[in-house]
Amino acid sequence: MEVPLQDSLYSFFFAYFHLLAATASLLLVYFFSCRSTRVYLVDFSCYRPPDDLRVSTSNFIEHVEICGIHERDAIDFQSKVAERTGIGCEAAFPLALHQIPPGKSLNSSREETENILFTVVKDLLSKHNINPKDIDIIISNCSIFCPTPSITSMIINKFGLRSNVKSVSLSGMGCSAGLVAISLAKDLLKVHRNSLALVLSMEAVTSNGYDGKVKSMLLANALFRMGGVAVFLSNKKRDKRRAKYKLQHLLRTHMGSDDQSYQSVFQENDESGYVGISLSRALLHVAGNALKTNITELGPRVLPYSEQIHYGFSVIHRNFSTSTRKKEIYVPNFKKAFDHFCIHAGGRAVIDTVEEKLRLNKEDGEASRMTLYRFGNTSSSSVWYELSYLEAKGRVKRGNRVWQIAFGSGFKCNSAVWECISDFNPKIRNAWSDRIHMYPVDIQDVADH
(Lines give C-alpha, C1' and ligand atoms only; values in the text may rest on other atoms or scores of the structure.)
Protein backbone atom coordinates (compact mmCIF):
# COMPACT_ATOMS: atom_id res chain seq x y z
CA MET A 1 0.00 0.00 0.00
CA GLU A 2 1.51 3.32 -1.05
CA VAL A 3 1.92 6.09 1.53
CA PRO A 4 0.45 9.41 0.35
CA LEU A 5 3.09 11.98 -0.62
CA GLN A 6 1.61 14.48 1.84
CA ASP A 7 2.05 12.05 4.77
CA SER A 8 5.66 11.29 3.73
CA LEU A 9 6.53 14.96 3.60
CA TYR A 10 4.87 15.48 6.96
CA SER A 11 6.90 12.65 8.53
CA PHE A 12 10.09 13.98 6.96
CA PHE A 13 9.58 17.55 8.19
CA PHE A 14 8.49 16.28 11.63
CA ALA A 15 11.70 14.25 11.99
CA TYR A 16 13.77 17.11 10.56
CA PHE A 17 12.23 19.55 13.06
CA HIS A 18 13.02 17.26 15.99
CA LEU A 19 16.60 16.86 14.74
CA LEU A 20 16.97 20.65 14.56
CA ALA A 21 15.47 21.05 18.03
CA ALA A 22 17.83 18.44 19.50
CA THR A 23 20.81 20.05 17.78
CA ALA A 24 19.78 23.49 19.01
CA SER A 25 19.42 22.14 22.55
CA LEU A 26 22.89 20.59 22.45
CA LEU A 27 24.36 23.83 21.11
CA LEU A 28 22.65 25.82 23.87
CA VAL A 29 23.94 23.45 26.54
CA TYR A 30 27.44 23.68 25.06
CA PHE A 31 27.21 27.47 24.80
CA PHE A 32 26.14 27.95 28.42
CA SER A 33 28.63 25.39 29.72
CA CYS A 34 31.42 27.24 27.90
CA ARG A 35 30.20 30.54 29.28
CA SER A 36 30.21 29.21 32.82
CA THR A 37 33.82 28.01 32.60
CA ARG A 38 35.34 31.33 31.54
CA VAL A 39 37.86 32.49 34.11
CA TYR A 40 39.58 35.82 33.56
CA LEU A 41 42.75 36.97 35.28
CA VAL A 42 41.96 40.60 35.89
CA ASP A 43 45.37 41.48 37.37
CA PHE A 44 47.94 40.44 39.95
CA SER A 45 50.41 42.20 42.23
CA CYS A 46 53.72 40.78 43.51
CA TYR A 47 55.36 42.01 46.71
CA ARG A 48 58.62 43.92 46.32
CA PRO A 49 60.61 43.92 49.59
CA PRO A 50 62.20 47.22 50.66
CA ASP A 51 65.92 47.54 49.98
CA ASP A 52 66.83 47.49 53.67
CA LEU A 53 65.69 43.85 53.91
CA ARG A 54 68.10 42.61 51.25
CA VAL A 55 70.43 39.77 52.16
CA SER A 56 73.47 39.06 50.01
CA THR A 57 75.28 35.74 50.29
CA SER A 58 78.05 37.31 52.34
CA ASN A 59 75.50 38.97 54.67
CA PHE A 60 73.68 35.67 55.04
CA ILE A 61 76.82 33.77 56.06
CA GLU A 62 78.03 36.55 58.34
CA HIS A 63 74.68 36.62 60.11
CA VAL A 64 74.71 32.83 60.56
CA GLU A 65 78.21 33.02 62.07
CA ILE A 66 77.38 35.88 64.45
CA CYS A 67 74.21 34.19 65.72
CA GLY A 68 76.26 31.15 66.73
CA ILE A 69 73.38 28.74 66.18
CA HIS A 70 75.13 26.37 63.75
CA GLU A 71 78.33 24.37 63.97
CA ARG A 72 81.22 25.16 61.60
CA ASP A 73 80.43 22.30 59.19
CA ALA A 74 76.81 23.45 58.89
CA ILE A 75 77.93 27.05 58.25
CA ASP A 76 80.39 25.97 55.56
CA PHE A 77 77.75 23.81 53.89
CA GLN A 78 75.20 26.64 53.82
CA SER A 79 77.86 28.98 52.45
CA LYS A 80 78.65 26.57 49.61
CA VAL A 81 74.96 26.09 48.78
CA ALA A 82 74.20 29.82 48.93
CA GLU A 83 76.99 30.60 46.47
CA ARG A 84 75.63 28.09 43.93
CA THR A 85 71.89 28.68 44.18
CA GLY A 86 71.73 31.42 41.57
CA ILE A 87 70.27 33.84 44.14
CA GLY A 88 71.66 37.38 43.99
CA CYS A 89 72.14 40.17 46.48
CA GLU A 90 68.64 41.67 46.19
CA ALA A 91 66.64 38.75 47.62
CA ALA A 92 65.26 39.56 51.06
CA PHE A 93 64.57 38.08 54.48
CA PRO A 94 61.77 39.37 56.74
CA LEU A 95 62.79 41.83 59.45
CA ALA A 96 62.68 39.24 62.27
CA LEU A 97 65.44 37.18 60.62
CA HIS A 98 67.76 40.21 60.57
CA GLN A 99 67.73 40.23 64.37
CA ILE A 100 70.40 38.60 66.55
CA PRO A 101 69.30 36.01 67.42
CA PRO A 102 66.67 35.62 64.66
CA GLY A 103 63.08 36.11 65.78
CA LYS A 104 60.92 33.06 65.09
CA SER A 105 57.90 33.78 67.24
CA LEU A 106 54.29 33.45 66.18
CA ASN A 107 53.94 37.24 66.26
CA SER A 108 56.97 37.62 63.96
CA SER A 109 55.47 35.21 61.42
CA ARG A 110 52.14 37.03 61.61
CA GLU A 111 53.87 40.39 61.07
CA GLU A 112 55.67 39.04 57.99
CA THR A 113 52.43 37.65 56.57
CA GLU A 114 50.48 40.85 57.20
CA ASN A 115 53.25 43.02 55.78
CA ILE A 116 53.35 41.09 52.50
CA LEU A 117 49.66 40.42 51.95
CA PHE A 118 48.30 43.75 53.15
CA THR A 119 50.70 45.48 50.73
CA VAL A 120 49.76 43.49 47.62
CA VAL A 121 46.02 43.48 48.32
CA LYS A 122 45.99 47.25 48.91
CA ASP A 123 47.94 47.75 45.68
CA LEU A 124 45.54 45.64 43.65
CA LEU A 125 42.41 47.23 45.12
CA SER A 126 43.64 50.76 44.51
CA LYS A 127 44.93 50.04 41.01
CA HIS A 128 41.49 48.89 39.83
CA ASN A 129 39.35 50.92 42.22
CA ILE A 130 37.73 47.77 43.60
CA ASN A 131 35.58 47.91 46.72
CA PRO A 132 36.61 45.07 49.11
CA LYS A 133 32.92 44.28 49.60
CA ASP A 134 32.74 43.32 45.91
CA ILE A 135 34.97 40.31 46.58
CA ASP A 136 32.90 37.11 46.59
CA ILE A 137 35.62 34.47 47.10
CA ILE A 138 38.95 34.65 48.96
CA ILE A 139 41.55 31.85 49.00
CA SER A 140 44.99 31.86 50.59
CA ASN A 141 47.84 29.37 50.57
CA CYS A 142 50.82 29.26 52.93
CA SER A 143 52.37 25.88 53.72
CA ILE A 144 54.18 26.21 57.05
CA PHE A 145 52.48 29.12 58.78
CA CYS A 146 48.88 28.22 59.59
CA PRO A 147 47.64 30.65 62.28
CA THR A 148 44.32 31.00 64.08
CA PRO A 149 42.43 33.06 62.97
CA SER A 150 43.36 32.06 59.43
CA ILE A 151 45.24 34.11 56.86
CA THR A 152 42.04 34.81 54.92
CA SER A 153 40.52 36.08 58.17
CA MET A 154 43.40 38.56 58.44
CA ILE A 155 42.41 40.01 55.07
CA ILE A 156 38.68 39.98 55.83
CA ASN A 157 39.32 41.84 59.07
CA LYS A 158 41.79 44.34 57.61
CA PHE A 159 39.83 45.30 54.51
CA GLY A 160 36.25 44.75 55.71
CA LEU A 161 35.04 42.05 53.34
CA ARG A 162 31.39 40.97 53.40
CA SER A 163 30.14 38.53 56.04
CA ASN A 164 29.01 36.04 53.35
CA VAL A 165 32.34 35.96 51.49
CA LYS A 166 33.44 32.40 50.68
CA SER A 167 36.76 31.91 52.45
CA VAL A 168 39.31 29.07 52.23
CA SER A 169 42.86 28.87 53.68
CA LEU A 170 45.17 26.16 52.30
CA SER A 171 48.30 24.89 54.07
CA GLY A 172 50.93 22.15 53.81
CA MET A 173 50.82 21.98 49.99
CA GLY A 174 54.29 23.31 49.19
CA CYS A 175 55.53 25.46 46.34
CA SER A 176 52.84 24.27 43.91
CA ALA A 177 50.03 25.49 46.17
CA GLY A 178 49.61 28.75 44.23
CA LEU A 179 48.20 26.90 41.24
CA VAL A 180 46.19 24.64 43.57
CA ALA A 181 44.56 27.82 44.90
CA ILE A 182 43.90 29.01 41.34
CA SER A 183 42.35 25.62 40.56
CA LEU A 184 40.07 25.87 43.59
CA ALA A 185 39.07 29.41 42.63
CA LYS A 186 38.30 28.20 39.10
CA ASP A 187 36.03 25.45 40.45
CA LEU A 188 34.23 27.87 42.76
CA LEU A 189 33.75 30.34 39.92
CA LYS A 190 32.09 27.58 37.91
CA VAL A 191 29.46 27.22 40.62
CA HIS A 192 29.09 30.85 41.65
CA ARG A 193 28.36 32.99 38.62
CA ASN A 194 29.08 36.67 38.31
CA SER A 195 31.74 36.51 41.04
CA LEU A 196 35.12 38.03 41.84
CA ALA A 197 37.82 35.89 43.51
CA LEU A 198 40.93 37.03 45.37
CA VAL A 199 43.77 34.48 45.56
CA LEU A 200 46.74 35.05 47.91
CA SER A 201 49.94 33.00 47.66
CA MET A 202 53.01 33.23 49.88
CA GLU A 203 55.32 31.34 52.25
CA ALA A 204 56.28 32.67 55.67
CA VAL A 205 60.06 32.46 55.88
CA THR A 206 60.25 33.59 59.52
CA SER A 207 59.05 30.26 60.89
CA ASN A 208 60.96 28.17 58.35
CA GLY A 209 64.54 28.39 59.64
CA TYR A 210 66.30 25.16 60.59
CA ASP A 211 68.87 25.24 63.42
CA GLY A 212 70.25 21.70 63.20
CA LYS A 213 73.09 20.17 61.20
CA VAL A 214 71.44 17.73 58.75
CA LYS A 215 72.50 18.82 55.27
CA SER A 216 69.28 17.86 53.50
CA MET A 217 67.41 20.14 55.93
CA LEU A 218 69.91 23.00 55.76
CA LEU A 219 69.25 23.47 52.02
CA ALA A 220 65.99 25.36 52.67
CA ASN A 221 67.83 28.00 54.74
CA ALA A 222 69.85 29.03 51.70
CA LEU A 223 67.02 28.83 49.13
CA PHE A 224 63.88 30.48 50.49
CA ARG A 225 63.26 34.24 50.59
CA MET A 226 60.26 36.44 51.36
CA GLY A 227 57.62 37.21 48.75
CA GLY A 228 53.95 36.88 47.89
CA VAL A 229 51.25 37.72 45.38
CA ALA A 230 47.60 38.74 45.19
CA VAL A 231 45.59 37.66 42.13
CA PHE A 232 42.12 38.78 41.03
CA LEU A 233 40.08 36.25 39.04
CA SER A 234 36.59 36.83 37.66
CA ASN A 235 33.90 35.09 35.64
CA LYS A 236 32.00 38.32 35.01
CA LYS A 237 31.46 39.06 31.34
CA ARG A 238 32.13 42.78 31.84
CA ASP A 239 35.55 42.02 33.39
CA LYS A 240 36.78 40.62 30.08
CA ARG A 241 37.41 44.18 28.89
CA ARG A 242 39.88 44.93 31.69
CA ALA A 243 41.32 41.43 32.18
CA LYS A 244 44.87 40.58 31.16
CA TYR A 245 44.49 36.84 30.60
CA LYS A 246 41.98 34.04 30.18
CA LEU A 247 42.57 30.66 31.79
CA GLN A 248 42.71 27.94 29.14
CA HIS A 249 43.91 24.87 31.02
CA LEU A 250 44.84 23.90 34.56
CA LEU A 251 46.15 20.41 35.21
CA ARG A 252 47.26 18.96 38.54
CA THR A 253 49.44 15.87 38.97
CA HIS A 254 49.93 14.20 42.38
CA MET A 255 52.60 11.49 42.73
CA GLY A 256 51.92 10.86 46.43
CA SER A 257 51.17 7.14 45.96
CA ASP A 258 54.89 6.65 45.28
CA ASP A 259 56.97 6.56 48.49
CA GLN A 260 60.03 8.20 46.95
CA SER A 261 57.93 11.08 45.65
CA TYR A 262 56.01 11.43 48.92
CA GLN A 263 59.21 11.65 50.98
CA SER A 264 61.20 13.89 48.61
CA VAL A 265 60.10 17.09 50.43
CA PHE A 266 59.36 16.21 54.03
CA GLN A 267 58.95 18.19 57.24
CA GLU A 268 60.34 16.29 60.22
CA ASN A 269 62.41 16.36 63.40
CA ASP A 270 66.10 15.55 63.22
CA GLU A 271 67.85 13.45 65.89
CA SER A 272 68.35 16.55 68.05
CA GLY A 273 64.68 17.49 67.89
CA TYR A 274 65.03 20.42 65.47
CA VAL A 275 62.20 20.76 62.94
CA GLY A 276 63.04 21.38 59.29
CA ILE A 277 62.14 20.57 55.69
CA SER A 278 64.22 17.75 54.26
CA LEU A 279 64.94 17.92 50.50
CA SER A 280 66.02 14.48 49.30
CA ARG A 281 68.72 13.66 46.74
CA ALA A 282 66.01 12.15 44.53
CA LEU A 283 64.11 15.44 44.30
CA LEU A 284 65.16 16.33 40.75
CA HIS A 285 64.41 12.80 39.55
CA VAL A 286 61.00 12.95 41.24
CA ALA A 287 60.29 16.37 39.70
CA GLY A 288 61.23 15.06 36.26
CA ASN A 289 58.83 12.11 36.56
CA ALA A 290 56.03 14.35 37.83
CA LEU A 291 56.57 16.74 34.92
CA LYS A 292 56.51 13.84 32.44
CA THR A 293 53.19 12.62 33.86
CA ASN A 294 51.74 16.11 33.81
CA ILE A 295 52.68 16.92 30.21
CA THR A 296 51.41 13.52 29.03
CA GLU A 297 47.95 14.79 29.91
CA LEU A 298 48.57 18.41 28.93
CA GLY A 299 50.22 17.72 25.55
CA PRO A 300 47.14 16.51 23.63
CA ARG A 301 45.25 19.63 24.75
CA VAL A 302 47.80 22.18 23.60
CA LEU A 303 50.18 20.73 21.01
CA PRO A 304 49.49 21.01 17.27
CA TYR A 305 48.57 17.72 15.56
CA SER A 306 51.89 17.60 13.73
CA GLU A 307 53.78 17.37 17.04
CA GLN A 308 51.37 14.78 18.43
CA ILE A 309 51.72 12.61 15.34
CA HIS A 310 55.52 12.90 15.42
CA TYR A 311 55.51 11.85 19.08
CA GLY A 312 53.10 8.97 18.41
CA PHE A 313 55.21 7.56 15.57
CA SER A 314 58.35 7.73 17.71
CA VAL A 315 56.64 5.73 20.49
CA ILE A 316 55.39 3.10 18.01
CA HIS A 317 58.79 2.85 16.34
CA ARG A 318 60.55 2.38 19.67
CA ASN A 319 58.08 -0.26 20.91
CA PHE A 320 58.23 -2.34 17.75
CA SER A 321 61.86 -1.83 16.85
CA THR A 322 64.04 -4.98 16.84
CA SER A 323 67.26 -2.98 16.96
CA THR A 324 69.41 -3.28 20.08
CA ARG A 325 70.06 0.48 19.92
CA LYS A 326 66.59 1.95 20.20
CA LYS A 327 66.06 5.62 19.37
CA GLU A 328 64.96 8.01 22.06
CA ILE A 329 61.26 8.92 22.12
CA TYR A 330 60.69 12.25 20.42
CA VAL A 331 60.17 15.16 22.80
CA PRO A 332 57.44 17.44 21.39
CA ASN A 333 58.38 21.03 20.67
CA PHE A 334 56.33 22.87 23.27
CA LYS A 335 57.43 26.19 21.82
CA LYS A 336 54.89 25.50 19.07
CA ALA A 337 52.20 25.56 21.76
CA PHE A 338 53.47 28.29 24.10
CA ASP A 339 55.10 31.68 23.68
CA HIS A 340 56.39 32.03 27.24
CA PHE A 341 57.44 29.70 30.06
CA CYS A 342 57.24 30.39 33.81
CA ILE A 343 59.14 27.56 35.53
CA HIS A 344 59.00 27.47 39.32
CA ALA A 345 62.16 29.15 40.61
CA GLY A 346 62.89 26.43 43.14
CA GLY A 347 66.61 26.59 42.46
CA ARG A 348 68.98 26.64 39.54
CA ALA A 349 68.99 22.82 39.32
CA VAL A 350 65.18 22.74 39.08
CA ILE A 351 65.16 25.21 36.18
CA ASP A 352 67.98 23.31 34.44
CA THR A 353 66.07 20.03 34.77
CA VAL A 354 62.86 21.41 33.26
CA GLU A 355 64.76 23.04 30.40
CA GLU A 356 66.48 19.73 29.69
CA LYS A 357 63.28 17.67 29.84
CA LEU A 358 61.38 20.05 27.54
CA ARG A 359 64.37 20.78 25.27
CA LEU A 360 64.14 24.50 25.94
CA ASN A 361 66.94 27.01 25.51
CA LYS A 362 68.31 29.47 28.07
CA GLU A 363 66.15 32.31 26.74
CA ASP A 364 62.99 30.31 27.51
CA GLY A 365 64.05 30.05 31.15
CA GLU A 366 65.19 33.66 31.48
CA ALA A 367 62.20 34.85 33.51
CA SER A 368 62.70 31.98 35.97
CA ARG A 369 66.44 32.56 36.37
CA MET A 370 66.05 36.29 36.85
CA THR A 371 63.28 35.77 39.41
CA LEU A 372 65.49 33.35 41.31
CA TYR A 373 68.37 35.82 41.14
CA ARG A 374 66.48 38.89 42.31
CA PHE A 375 63.83 37.48 44.67
CA GLY A 376 65.09 33.97 45.53
CA ASN A 377 62.76 31.01 45.91
CA THR A 378 59.51 32.67 47.00
CA SER A 379 57.70 29.31 46.92
CA SER A 380 54.16 29.35 45.47
CA SER A 381 54.37 32.95 44.26
CA SER A 382 57.49 32.47 42.09
CA VAL A 383 55.59 31.78 38.84
CA TRP A 384 53.83 35.15 39.27
CA TYR A 385 57.12 37.05 39.68
CA GLU A 386 58.17 35.40 36.41
CA LEU A 387 55.04 36.50 34.58
CA SER A 388 55.55 39.98 36.05
CA TYR A 389 59.09 39.97 34.62
CA LEU A 390 57.82 39.09 31.14
CA GLU A 391 55.23 41.87 31.34
CA ALA A 392 57.79 44.45 32.47
CA LYS A 393 60.00 43.45 29.54
CA GLY A 394 57.07 44.04 27.17
CA ARG A 395 57.25 40.51 25.80
CA VAL A 396 53.67 39.37 26.42
CA LYS A 397 51.39 40.29 23.51
CA ARG A 398 47.71 39.77 22.81
CA GLY A 399 47.14 36.17 21.71
CA ASN A 400 50.30 34.84 23.40
CA ARG A 401 50.05 31.73 25.54
CA VAL A 402 51.91 31.41 28.84
CA TRP A 403 52.70 28.14 30.57
CA GLN A 404 53.19 28.25 34.35
CA ILE A 405 54.83 25.11 35.78
CA ALA A 406 54.88 24.63 39.56
CA PHE A 407 56.34 21.86 41.73
CA GLY A 408 55.62 21.13 45.37
CA SER A 409 55.67 18.63 48.21
CA GLY A 410 53.50 15.57 47.96
CA PHE A 411 54.94 15.37 45.27
CA LYS A 412 52.98 17.60 42.89
CA CYS A 413 53.44 19.12 39.45
CA ASN A 414 50.79 21.62 38.35
CA SER A 415 50.37 23.44 35.05
CA ALA A 416 48.36 26.55 34.20
CA VAL A 417 47.95 27.84 30.66
CA TRP A 418 46.91 31.47 30.18
CA GLU A 419 46.03 33.29 26.97
CA CYS A 420 46.77 37.02 26.87
CA ILE A 421 43.59 38.85 25.84
CA SER A 422 44.67 42.47 26.16
CA ASP A 423 47.28 44.98 25.08
CA PHE A 424 48.80 46.40 28.24
CA ASN A 425 51.53 48.94 28.78
CA PRO A 426 54.79 47.32 30.01
CA LYS A 427 55.65 50.59 31.77
CA ILE A 428 52.81 50.14 34.25
CA ARG A 429 54.30 49.74 37.72
CA ASN A 430 54.98 46.23 39.01
CA ALA A 431 57.54 44.41 41.19
CA TRP A 432 60.21 44.73 38.49
CA SER A 433 59.61 48.29 37.32
CA ASP A 434 62.38 49.93 39.32
CA ARG A 435 65.22 47.81 37.92
CA ILE A 436 63.92 46.00 34.83
CA HIS A 437 66.45 47.87 32.68
CA MET A 438 69.23 46.06 34.56
CA TYR A 439 68.00 42.60 33.54
CA PRO A 440 68.83 40.02 32.38
CA VAL A 441 72.12 39.67 34.21
CA ASP A 442 74.84 37.10 33.63
CA ILE A 443 74.57 34.78 36.61
CA GLN A 444 77.91 33.35 37.75
CA ASP A 445 78.54 30.49 40.14
CA VAL A 446 78.94 33.02 42.91
CA ALA A 447 75.74 34.98 43.59
CA ASP A 448 77.59 38.09 44.80
CA HIS A 449 79.45 39.79 41.99
Side-chain angles (χ1 to χ4, degrees), residues 41-54 90-99 103-163 165-171 177-178 181-182 185 196-208 224-234 375-376 378-385 387-388 428-434:
L41 197 168
V42 178
D43 203 357
F44 62 99
S45 176
C46 295
Y47 177 76
R48 184 171 67 206
D51 290 345
D52 61 344
L53 294 182
R54 292 182 188 178
E90 294 187 59
F93 275 141
L95 182 62
L97 295 188
H98 288 261
Q99 299 170 0
K104 297 183 180 180
S105 67
L106 175 65
N107 285 340
S108 296
S109 294
R110 182 176 281 114
E111 286 173 9
E112 176 195 355
T113 304
E114 291 177 347
N115 181 30
I116 292 172
L117 296 184
F118 289 177
T119 301
V120 292
V121 172
K122 182 178 179 181
D123 177 63
L124 212 50
L125 291 172
S126 61
K127 187 185 295 185
H128 293 277
N129 196 27
I130 293 174
N131 187 330
K133 294 191 182 299
D134 291 335
I135 297 172
D136 304 286
I137 300 166
I138 179 170
I139 301 170
S140 73
N141 68 268
C142 184
S143 289
I144 305 299
F145 182 55
C146 186
T148 300
S150 66
I151 291 176
T152 52
S153 295
M154 290 183 189
I155 304 300
I156 293 170
N157 176 260
K158 173 67 176 179
F159 294 95
L161 274 62
R162 299 196 317 264
S163 61
V165 65
K166 296 158 189 69
S167 168
V168 182
S169 292
L170 304 175
S171 66
I182 295 293
L196 182 66
L198 173 62
V199 177
L200 308 166
S201 296
M202 67 164 292
E203 188 54 72
V205 182
T206 300
S207 52
N208 259 345
F224 288 95
R225 298 293 188 270
M226 70 183 304
V229 66
V231 183
F232 264 135
L233 300 175
S234 175
F375 295 102
T378 61
S379 189
S380 57
S381 62
S382 70
V383 292
W384 296 104
Y385 282 92
L387 184 54
S388 183
I428 292 177
R429 175 180 52 83
N430 72 13
W432 289 90
S433 301
D434 61 331

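Reckoned from all heavy atoms, side chains included, excluding hydrogens, waters and symmetry mates. We count residues from 1, following the sequence as given. Predicted model only: the values in this text are computed from it and were never measured.
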Looking at [X] and [Y], what are the two nearest heavy atoms and their distance?
{"X": "G228", "Y": "M202", "answer": "CA-CB, 3.9 Å"}
{"X": "M154", "Y": "E114", "answer": "SD-CG, 3.8 Å"}
{"X": "I428", "Y": "S433", "answer": "O-OG, 3.6 Å"}
{"X": "R162", "Y": "D136", "answer": "NH2-OD1, 3.0 Å"}
{"X": "S201", "Y": "S381", "answer": "O-CB, 3.8 Å"}
{"X": "V120", "Y": "C46", "answer": "CG1-C, 3.7 Å"}

Exercise. Could you go step by step and tell me if I135 and I155 meet the side chain to side chain contact (heavy atoms under 4.5 Å, CB included) rule?
Worked result: CA-CA 11 Å; I135 297 172; I155 304 300; over 6 Å; no
Rounded to the nearest 0.5 Å, what separates atom [atom1] in [X] from atom [atom2] in [Y]?
{"X": "F44", "Y": "N430", "atom1": "CZ", "atom2": "CG", "result": "7.0 Å"}
{"X": "E111", "Y": "S105", "atom1": "CD", "atom2": "OG", "result": "7.0 Å"}
{"X": "I156", "Y": "I151", "atom1": "CD1", "atom2": "CD1", "result": "12.0 Å"}
{"X": "S382", "Y": "L387", "atom1": "OG", "atom2": "CG", "result": "11.5 Å"}
{"X": "L198", "Y": "F232", "atom1": "CG", "atom2": "CZ", "result": "5.0 Å"}

For this session: State which residues pass side-chain hydrogen bond (donor to acceptor under 3.5 Å, both in side chains) with T206; sequence neighbours excluded, sorted by chain then number.
Result: E112
Seminar exercise, completed: Sorted by chain and residue number, the ring-ring contact (aromatic ring centres under 6.0 Å, His included) partners of F375 (sequence neighbours excluded) come out as Y385, W432
Seminar exercise, completed: Residues at least two apart in sequence or cross-chain that pass ring-ring contact (aromatic ring centres under 6.0 Å, His included) with Y47, listed by chain then number, are none
For this session: For N141 and A181, indicate whether the former's side chain and the latter's backbone hold a donor-acceptor pair under 3.5 Å.
Result: no
Problem set entry | Polar side-chain atom of R225 near backbone of T378 as donor-acceptor pair, under 3.5 Å | no
For this session: Would you please test F93 and L53 for side chain to side chain contact (heavy atoms under 4.5 Å, CB included) and show each step?
Result: CA-CA 6 Å; F93 275 141; L53 294 182; over 6 Å; no
Problem set entry | Other residues, nucleotides, ligands: >12 heavy atoms within 6.0 Å of K104 NZ | yes
For this session: Check the pair L124 / I130 against side chain to side chain contact (heavy atoms under 4.5 Å, CB included), numbers first and verdict last.
Result: CA-CA 8 Å; L124 212 50; I130 293 174; over 6 Å; no
For this session: Verify side chain to side chain contact (heavy atoms under 4.5 Å, CB included) between E203 and I144, making sure each step is shown before the conclusion.
Result: CA-CA 7 Å; E203 188 54 72; I144 305 299; 3.5 Å; yes
Problem set entry | M226 and its side-chain contact (heavy atoms from CB on, under 4.5 Å) partner, picked from I116, L97, L95 | I116
For this session: Could you check T113, N115, T119 and say which one makes a side-chain contact (heavy atoms from CB on, under 4.5 Å) with L117?
Result: T113
For this session: Over 60° means perpendicular and under 30° means parallel, so classify the ring planes of F118 and F159, tilted if in between.
Result: perpendicular
For this session: For T152 and S140, test the side chains for any donor-to-acceptor distance below 3.5 angstrom and give the result as yes or no.
Result: no
Problem set entry | D434, D43, D123 screened by salt bridge (Lys or Arg N to Asp or Glu O under 4.0 Å) with R429, the one that passes | D123
